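Each remark here refers to the structure printed beneath this line.
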Amino acid sequence: MDYVKVERLDNGVAVLTIDRQDKLNALDPQVVEEIGQNLLELQSEGPHAIIITGAGERAFVAGADITAMRGMDALEAKRFAEIGHAAMALLDRSPVPTIAAINGFALGGGLEIALACDIRIAAENASFGFPEVSLGILPGMGGTQRAPRIVGPAIAKELIFTGRRIKVEEARLIGLVNHVVPEGDALKAAKEMAAQIAANGPIAVQHAKAAANRALDVDIISGLEYEADQFALLFATEDAKEGMGAFVEKRKAEFKGR
Ligand code: COA
């Protein structure tokens, strides 16, 4: 474990940092494997939220490692895409909310990591783009599938086909990022949001994420049925009794995750 560090905060929030600063945190197969292994480990620990960020102030992740990809044959490229998809699925399908704290370049695979998260918070110096076609390849870590779902097909296709790099103002405008914060503050802002999430009923947050994810996968009738089931299930938890009881009794709720 060399390139990925995990910090576990007292409030149940985990911060995963990709630290390969001399290469602007570029993703070679080892980095991607480490991201996946750490996310898998976190899944079994059951944090309340996961933040993912890049080390240093220049880059979130400047993409997949072009030097490593240059030497790959088609089978190795397939394997690289597969480990990337597996790692991204652990973010996207993580039972708990995931937040990308984007502190600089989020290009190619970096943008794909951000897109696999539930929420994106970017610093003013961040920039975004899919440069893959300028290299003769395409976004292979979920970008062609997640970008259209997040910013809509027309904008996603423009970004993917042109490889154009955009700044935070445009990223905010197209709904790619939730919030823009001053340079150096992305992680702090992500921690604040994660703390707010962690203070809520954890089972409720998990069911809410599962229901919102379902909206992207199924027709609305099935989605609404799923929502009703998730809603009903929460009434069997101690947390729901505590949360609603605390409101009526005018006190702060103490959630136990049961
Ligand atoms: N893969 C491999 N190495 C990368 C990289 C990547 N995606 N992005 C940056 N690096 C390396 C550079 O090669 C350089 O290494 P070196 O010092 O050993 O030469 C180091 O990181 C610093 O990058 P550098 O290019 O010198 O910084 P810069 O400020 O001039 O430019 C970028 C920054 C992000 C604009 C530029 O590095 C870049 O275009 N990177 C590639 C982005 C990309 O195409 N990503 C998608 C890949 S599918």
Side-chain angles (χ1 to χ4, degrees), residues 2-5 16-36 52-89 91-92 100-117 120-151 155-171 174 176-177 180 183-184 186-187:
D2 290 320
Y3 295 126
V4 174
K5 296 177 174 59
L16 188 151
T17 304
I18 300 164
D19 189 352
R20 194 190 178 205
Q21 290 186 60
D22 59 330
K23 298 291 177 194
L24 300 182
N25 305 324
L27 308 168
D28 69 5
Q30 187 189 338
V31 181
V32 178
E33 294 262 13
E34 285 187 27
I35 294 170
I52 185 160
T53 194
E57 292 307 332
R58 290 203 58 218
F60 175 67
V61 168
D65 187 315
I66 300 165
T67 312
M69 285 194 297
R70 187 180 176 215
M72 288 179 188
D73 63 23
L75 280 180
E76 285 162 341
K78 181 84 191 295
R79 168 86 189 121
F80 188 40
E82 283 169 353
I83 61 169
H85 285 167
M88 294 309 98
L91 282 171
D92 196 355
I102 304 162
N103 50 313
F105 295 111
L107 302 175
L111 180 49
E112 290 173 300
I113 291 176
L115 289 168
C117 291
R120 285 157 289 283
I121 297 177
E124 274 164 355
N125 62 313
S127 61
F128 307 82
F130 285 119
E132 284 88 346
V133 291
S134 74
L135 302 165
I137 56 176
L138 60 75
M141 228 168 61
T144 67
Q145 304 305 301
R146 291 196 178 93
R149 286 169 161 84
I150 291 168
V151 298
I155 302 279
K157 285 175 179 172
E158 178 191 329
L159 293 176
I160 294 168
F161 300 163
T162 62
R164 184 165 72 84
R165 210 190 300 164
I166 63 169
K167 297 197 159 119
V168 278
E169 298 78 21
E170 189 173 347
I174 63 174
L176 183 56
V177 299
V180 176
E183 184 171 344
L187 182 56

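Quantities reported herein were computed from a predicted structural model and do not represent experimental measurements. Numbering of ligands and ligand atoms starts at 1, following listing order.
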Between [atom1] of [X] and [atom2] of [Y], what distance do you get to the nearest 0.5 Å?
X    : Y    : atom1 : atom2 : value
K5   : L16  : NZ    : CG    : 10.5 Å
E124 : K167 : CD    : NZ    : 12.0 Å
F161 : E132 : CZ    : CD    : 13.0 Å
M69  : I137 : CE    : CD1   : 3.5 Å
R149 : D92  : CZ    : CG    : 9.0 Å
L176 : I150 : CG    : CD1   : 7.5 Å

Looking only at protein heavy atoms, which one is nearest to [atom], and how far off is it?
atom                    : value
atom 30 (O) of ligand 1 : R58 NH2, 4.8 Å
atom 17 (O) of ligand 1 : D22 O, 4.4 Å
atom 5 (C) of ligand 1  : A26 CB, 3.9 Å
atom 24 (P) of ligand 1 : L24 CD1, 4.4 Å
atom 46 (C) of ligand 1 : P131 CG, 3.7 Å
atom 1 (N) of ligand 1  : I66 N, 2.9 Å

Run L27 and M141 through side chain to side chain contact (heavy atoms under 4.5 Å, CB included) and show every step you take.
CA-CA 11 Å; L27 308 168; M141 228 168 61; 3.7 Å; yes

Check R20 with E34, please: is the shortest side-chain N to carboxylate O separation under 4.0 Å?
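Salt bridge flag = no for R20 with E34.
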
Under 3.5 Å, is there a donor-acceptor pair between the side chain of E76 and the main chain of D73?
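Side chain of E76 to backbone of D73: a pair is present.
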
Check whether any side-chain N or O of D65 sits under 3.5 Å from a backbone N or O of A26 as a donor-acceptor pair, and report yes or no.
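Not confirmed, D65 side chain does not pair with A26 backbone.
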
Heavy atom of protein inside 4.0 Å of [atom], strictly below:
atom                    : answer
atom 26 (O) of ligand 1 : no
atom 48 (S) of ligand 1 : yes
atom 13 (O) of ligand 1 : no
atom 36 (C) of ligand 1 : no
atom 7 (N) of ligand 1  : yes
atom 19 (O) of ligand 1 : no

Only heavy atoms count here, so choose which of A68, A62, G63 is nearest to atom 42 (C) of ligand 1.
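Residue with the shortest heavy-atom distance to the ligand atom: A62.
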
Residue pair V168, V177: steps toward the side chain to side chain contact (heavy atoms under 4.5 Å, CB included) verdict
CA-CA 8 Å; V168 278; V177 299; 5.6 Å; no

Please classify the [X] to ligand 1 contact at 4.0 Å (heavy-atom distances, strictly less than): side chain, backbone, both or neither.
X    : result
D65  : both
L135 : side chain
E112 : neither
K23  : both

Before giving the answer on side chain to side chain contact (heavy atoms under 4.5 Å, CB included), spell out for I174 and I166 the whole-Å C-alpha distance, their side-chain angles and the decisive distance to 0.1 Å.
CA-CA 11 Å; I174 63 174; I166 63 169; 3.8 Å; yes

Give the numbers and elements of all ligand 1 atoms closer than 4.0 Å to a heavy atom of [X].
X    : value
R165 : 35 (C)
A64  : 1 (N), 6 (C), 7 (N), 47 (C)
M69  : 48 (S)

N or O contact, L107 vs ligand 1, cut-off under 3.5 Å
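N/O-N/O distance under 3.5 Å: no.
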
Apply side chain to side chain contact (heavy atoms under 4.5 Å, CB included) to the pair V151 and L115, showing each step before the final yes or no.
CA-CA 10 Å; V151 298; L115 289 168; 5.7 Å; no

